[in-house]
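To start, the structure itself, in structure tokens.
Worth knowing before you read on, the calculation uses all heavy atoms, side chains too, and leaves out hydrogens, waters and symmetry mates.
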Amino acid sequence: YEISTRDWSSDVCSSDLVLLTAAFVPPERYALGLVGLQGLVMLGMYLVGIAVAVPVAWLLRTTALRGPPAAFMLELPALKRPRVRAVWQRMAFAGRSFLVRAGTIILAVSILVWAAGYFPRSPQTAARVATAAVEQGWDEEALESELAGAYLRESYLGRAGLLIEPALRPLEWDWRIGVAVLASFPAREVVVATLGIIYNLGEEQDETSEPLREALRGATWSDGRPVFSLPVAISLMVFFALCAQCASTLVMIARETGAWGWAGLSFAGMTLLAYGGAWVALVVTRWLT
């Protein structure tokens with residue numbers, strides 16, 4: 001749990017937070033221009049993780065982890081000048097241990113998510129996009145971006161996004177946000193690149209990309225309603241501030257506790273907590289605005 005708490009505070013200020021803040025939070029300033037609203041929102045995401053971690057830790061301490069506190073004794077060694085050889089040996093041992101015990105699982109999860117977003121690749125899809133490119137006069141870059149987006153929408157990952165869309169409706173998220181959330185499991189930074197592919201802008205997009213921000217602002221539902229708004233953006237940021245959507249964190253939890261059950265419990269519990277927090281953030285932000 002300590003590892004997952006660190007994850008809440010360290011990963012929250014990621015590229016998806018910067019992208020959503022810049023795109024949907026007005027650049028208003030207060031206190032003679034010293035305090036910006038965008039900065040307050042980013043600070044709020046840190047405070048959300050800290051505020052939730054304390055009551056959750058208390059709840060676990062009084063329920064699942066109930067019992068007398070374990071004795072802790074730490075004997076500090078005498079101060080000595082560090083030896084370069086000893087330092088390198090310790091670094092090599094720790095690095096090898098991580099690569100063998102955790103890195104292999106992280107790599108396997110990353111490959112599975114990549115494969116789900118890559119396959120299947122239908123020749124009919126390529127032919128349809130190529131026909132549209134000829135009719136509309138797209139250049140090669142536009143053709144590649146459109147084809148990548150079409151492949152992703154029809155992939156197993158895209159189908160999974162469509163499958164979970166009914167569960168995301170209370171948060172006012174569509175399947176495209178669902179795909180980005182699923183694709184971010186190996187690493188949260190993948191969210192921005194995934195959104196770039198979904199909106200046919202290419203995977204080279206980053207949080208500073210103005211075309212991606214404009215695409216998010218212009219995205220609509222089938223009835224013309226905007227997909228992204230300030231309440232939706234805040235709810236998505238709160239979700240990522242609270243969820244355990246990080247394969248490396250879950251692998252480390254399993255490694256430190258010696259049981260995958262704790263990792264699964266952390267993932268399920270924090271996902272439900274993040275879902276509830278995102279819904280509350282959506283309702284409160286909509287009421288305030």
Got Pro82 and Arg90 here, is their nearest side-chain heavy-atom distance under 4.5 Å? no
Please walk me through it: do Ile177 and Leu168 pass side-chain contact (heavy atoms from CB on, under 4.5 Å)? CA-CA 9 Å; Ile177 301 178; Leu168 304 178; 5.6 Å; no
Residue of the set Val232, Leu17, Val48 for which side chain to side chain contact (heavy atoms under 4.5 Å, CB included) holds with Met237: Leu17
Tell me which pairs pass salt bridge (charged side-chain N to carboxylate O under 4.0 Å, His left out) where either residue lies in residues 104-131, with sequence neighbours left out. Arg128-Glu154
Atom CG of Leu157 and atom CG of Leu112: how far apart are they, to the nearest 0.5 Å? 11.5 Å
Report the residues that fulfil ring pair (Phe, Tyr, Trp, His ring centres under 6.0 Å) with Phe185, sequence neighbours left out, ordered by chain and then residue number. Phe267
Please round to the nearest 0.5 Å and tell me the distance separating atom CZ of Phe240 and atom OG of Ser235. 10.5 Å
For Ala254 and Ala263, which heavy atoms make the closest approach, and how far apart are they? CB-CB, 4.0 Å
Provide the closest heavy-atom pair for Ala126 versus Leu147 in the form atom of the first, atom of the second, distance. CA-CD1, 3.8 Å
Could you state whether Tyr30 and Leu43 fall into the same hydrophobic cluster, counting links through intermediate Ile, Leu, Val, Met, Phe, Trp or Tyr residues with side-chain heavy atoms under 4.5 angstrom apart? no
Tell me which pairs pass ring pair (Phe, Tyr, Trp, His ring centres under 6.0 Å) where either residue lies in residues 127-168, with sequence neighbours left out. none
What pair of heavy atoms forms the shortest contact from Ser184 to Val191, and how long is it? CB-CG2, 3.3 Å
Counting C-beta onward and ignoring hydrogens, is there a side-chain heavy-atom pair between Val181 and Trp173 closer than 4.5 Å? yes
Counting only heavy atoms not in Phe93, do more than 12 sit closer than 6.0 Å to its CZ atom? no
Kindly indicate whether the side chain of Leu273, heavy atoms from C-beta on, has any atom under 4.5 Å from the side chain of Val56. yes
Hydrophobic clusters here meaning ILVMFWY residues chained together by side-chain heavy-atom distances under 4.5 Å, can you tell me if Leu59 and Ile50 are in one? no
In terms of heavy-atom contacts, Leu195 and Ala180 come closest through CD2-CB, 4.0 Å
Taking distance alone, no hydrogens or angles, what donor-acceptor pairs closer than 3.5 Å link side-chain atoms of residues 64-75 to residues at least two apart or in another chain?
| unit_1 | atom_1 | unit_2 | atom_2 | d |
| --- | --- | --- | --- | --- |
| Arg66 | NH1 | Thr62 | O | 3.4 |
| Arg66 | NH1 | Thr63 | O | 3.3 |

Exam field: side chain Arg29 to backbone Leu37, donor-acceptor pair closer than 3.5 Å: no
If you measure from OG1 on Thr257 to CD1 on Ile253, what distance do you get to the nearest 0.5 Å? 7.5 Å
Would you call Leu19 and Leu216 a side-chain contact if the rule is heavy atoms closer than 4.5 Å? yes
Is Trp260 close to Val251 at the side-chain level, that is, under 4.5 Å between some pair of heavy atoms? yes
Please tell me whether Leu47 and Leu288 are part of a single hydrophobic cluster in this structure, the criterion being side-chain heavy atoms less than 4.5 Å apart. no
Within a reach of under 6.0 Å around CD of Glu210, are more than 12 heavy atoms found that belong to other residues, nucleotides or ligands? yes
In Å and rounded to the nearest 0.5 Å, what is the CD to CG distance from Gln38 to Leu20? 11.5 Å
Taking the side chain as every heavy atom from C-beta outward, state whether Phe24 and Ile234 have any pair of such atoms under 4.5 Å apart. no
Derivation of the side-chain contact (heavy atoms from CB on, under 4.5 Å) call for Val35 and Leu40: CA-CA 8 Å; Val35 180; Leu40 289 176; 3.7 Å; yes
Got Glu214 and Arg217 here, is their nearest side-chain heavy-atom distance under 4.5 Å? yes
For the CZ atom on Arg96, are there more than 12 heavy atoms of other groups (residues, nucleotides or ligands in this structure) within a distance under 6.0 Å? no
Keeping the roles fixed (side chain from Tyr275, backbone from Ala167), state whether a donor-acceptor pair exists under 3.5 Å. yes
Say you draw a straight line from CG of Leu212 to CD1 of Ile197; how long is it, rounded to the nearest 0.5 Å? 11.0 Å
Validate the cation-pi geometry between Arg85 and Trp88: distance from NZ or CZ to the six-membered ring centre under 6.0 Å, angle to the ring axis within 45°. no
Holding to ring pair (Phe, Tyr, Trp, His ring centres under 6.0 Å), I want the full list of residues that pass it with Tyr118, two or more places apart in sequence or in another chain. Trp114
State yes or no: do Leu272 and Val238 share one hydrophobic cluster built from I, L, V, M, F, W and Y residues joined by side-chain heavy-atom distances below 4.5 Å, directly or via other members? no
Does anything in residues 157-183 form a salt bridge (charged side-chain N to carboxylate O under 4.0 Å, His left out)? List the pairs, not counting sequence neighbours. Glu165-Arg169, Glu172-Arg286, Asp174-Arg176
Using a 6.0 Å cut-off, check whether atom CD of Glu140 has over 12 heavy atoms from anything other than its own residue. no
Nearest heavy-atom neighbours spanning Gly277 and Leu242: CA-CD1, 4.3 Å
Atom of Val179, atom of Gly161 and distance for their closest heavy-atom approach: CG2-CA, 3.8 Å
Could you tell me if the side chain of Leu152 sits less than 4.5 Å from the side chain of Thr194, heavy atoms only? yes
I need the Leu265 CG to Leu250 CG distance, nearest 0.5 Å. 11.0 Å
For residues Phe239 and Val280: do they belong to one hydrophobic cluster (side chain heavy atoms under 4.5 Å, members Ile, Leu, Val, Met, Phe, Trp, Tyr)? yes
